[in-house]
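Just so we're on the same page: letters track the sequence lines, and every chain starts at 1.
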Protein chains: 2
Amino acid sequence: MLLLIAVTSKNEGKQCTMLENIFGLILKEIRSEKNISQEKLAEFSNLDRTYISLLERGLRQPTLTTIFKLSAALQITPQELIHKVYESYQHAKK
Amino acid sequence: MLLLIAVTSKNEGKQCTMLENIFGLILKEIRSEKNISQEKLAEFSNLDRTYISLLERGLRQPTLTTIFKLSAALQITPQELIHKVYESYQHAKK
DNA sequence: AAGAAATGCAGACTATAGTCTGTGGATATT
DNA sequence: AATATCCACAGACTATAGTCTGCATTTCTT
């Protein structure tokens, strides 16, 4: 399990939320465990490669459809993905 | 459990996806079970009342943040919410 | 060390999420 | 029946998700 560092990054004055960061970290973690590149994940999920990068860096957050696409590509259920995010989020809120 | 009818509704030529519809139906179901109005749900989740309506009719889909807000307001975990959506989605795909 | 692969980044763009206002129809309450 | 509550709907708007291109930097492989 990742050591969570609550990093706040800046994007043109827009402050990323903790949730977006956590989602990104979890996404990157799972992708790495599956040993696939962002490019492969993008291909499998039918999303743009650079968007995967944006997600992992917490600069974007996914919609429902994107969550379903990503989890399918990672071969986990969307609830598993969200559960991991939720757990980290609850932990980080303490 | 709702009897799922795969209804495709139109919005200015934009076709709603099955997933958006299913999310909307599940959201409405849970809200009704909790016996609260759209207005109350909107208030508890800090979202716009008309947007709750749009979601329930499948005319919009939520982002991650919105999923977390809604589930908190409904007093369920986000993974529980997504799980229900996933189950219905898998069922409807057959 | 060189080359290939992977990823970050900026900029511009399209598509759509989310808000707000006003109005009217449907349903519930009195 | 009258009134209150609930919700759909249209229209306009702001904010942001997601795409695409080009290029730089980093990481990995040989």
Side-chain angles (χ1 to χ4, degrees), chain A residues 7 9-25 27-74 78 81-82 85, chain B residues 7-25 27-73 78 81-82 85:
Chain A
V7 178
S9 55
K10 297 284 182 181
N11 179 27
E12 304 141 21
K14 175 182 174 284
Q15 183 156 10
C16 300
T17 67
M18 187 164 56
L19 188 56
E20 283 163 64
N21 273 313
I22 288 170
F23 182 83
L25 290 170
L27 180 64
K28 184 165 187 171
E29 185 190 352
I30 297 169
R31 179 177 64 82
S32 300
E33 281 167 10
K34 305 285 180 181
N35 217 20
I36 59 170
S37 61
Q38 286 182 350
E39 200 161 333
K40 274 303 171 196
L41 179 56
E43 186 189 317
F44 297 155
S45 59
N46 212 30
L47 294 165
D48 196 74
R49 196 277 302 166
T50 57
Y51 183 59
I52 301 294
S53 176
L54 287 163
L55 283 170
E56 288 187 357
R57 284 175 287 140
L59 297 177
R60 290 288 188 277
Q61 66 167 318
T63 59
L64 181 69
T65 300
T66 301
I67 290 164
F68 271 62
K69 280 181 170 181
L70 288 169
S71 57
L74 292 166
L81 177 56
I82 296 299
V85 176
Chain B
V7 178
T8 301
S9 56
K10 296 285 184 182
N11 179 27
E12 303 142 20
K14 173 181 175 287
Q15 184 159 10
C16 299
T17 67
M18 187 164 60
L19 189 55
E20 283 165 65
N21 272 315
I22 288 170
F23 182 85
L25 290 170
L27 181 62
K28 185 166 187 171
E29 187 190 350
I30 298 170
R31 178 177 64 83
S32 300
E33 281 167 9
K34 306 285 181 181
N35 217 19
I36 60 171
S37 62
Q38 287 182 349
E39 201 162 331
K40 275 302 174 200
L41 179 57
E43 186 190 316
F44 299 154
S45 56
N46 212 31
L47 293 165
D48 195 73
R49 200 281 300 162
T50 59
Y51 182 60
I52 301 294
S53 177
L54 287 164
L55 284 170
E56 287 188 357
R57 285 175 286 142
L59 297 177
R60 290 288 190 278
Q61 65 168 319
T63 58
L64 181 67
T65 300
T66 301
I67 289 164
F68 270 62
K69 281 181 169 180
L70 287 169
S71 56
L81 176 56
I82 295 301
V85 176

Open item on the list: Listing request: all salt bridge (Lys or Arg N to Asp or Glu O under 4.0 Å) pairs with a residue in residues 41-55 of chain B, at least two apart in sequence or in separate chains.
Closed with: B:Lys40-B:Glu43

Task: Nearest heavy atoms of B:Asn21 and B:Gly58, plus distance in Å - done: OD1-CA, 4.0 Å

Task: Distance-minimising heavy-atom pair for B:Leu81 and B:Ile30 - done: CD1-CD1, 3.7 Å

TODO: Please tell me which of B:Gln61 and B:Arg31 maps to the more 5' nucleotide of DNA chain D, matching each residue to the nucleotide holding its nearest heavy atom.
DONE: B:Arg31

Open item on the list: Using a strict heavy-atom distance below 4.0 Å, which residues from residues 36-44 of chain B are in contact with DNA chain D?
Closed with: B:Ser37, B:Gln38

- [ ] Please tell me if the side chains of B:Leu55 and B:Leu70 come closer than 4.5 Å, counting only heavy atoms from C-beta onward.
- [x] yes

- [ ] Side-chain contact test, heavy atoms from C-beta onward, threshold under 4.5 Å: evaluate it for B:Lys69 versus B:Leu47 and give yes or no.
- [x] yes

Task: Short side-chain N/O contact to C:dT7 OP1/OP2 from A:Ser53, under 4.0 Å - done: no

Task: Between B:Thr17 and B:Glu20: side-chain donor-acceptor atoms closer than 3.5 Å - done: yes

TODO: Scan side-chain atoms only and decide if A:Ser53 and A:Thr50 contain a donor-acceptor pair under the 3.5 Å cut-off.
DONE: no

Task: side-chain hydrogen bond (donor to acceptor under 3.5 Å, both in side chains) involving A:Gln38 - partner list, sequence neighbours excluded - done: A:Glu56

- [ ] Sequence neighbours left out, what passes side-chain hydrogen bond (donor to acceptor under 3.5 Å, both in side chains) with A:Ser37? Give chain and number order.
- [x] none

Task: Whole-Å distance separating the CG atom of A:Leu27 from the P atom of C:dT7 - done: 11 Å

Do any N or O atoms of the protein come closer than 3.5 Å to N or O atoms of nucleotides 19-24 of chain C, and which pairs are they?
residue, atom, partner, partner atom, Å
C:dT19, OP2, B:Asp48, N, 2.9
C:dC20, N4, B:Thr50, OG1, 3.4

Considering only nitrogen or oxygen atoms on both sides, find all protein atoms under 3.5 Å from nucleotides 25-30 of chain C and state each distance.
none

Task: Backbone N/O of A:Leu41 and side chain of A:Arg31: donor-acceptor pair under 3.5 Å - done: no

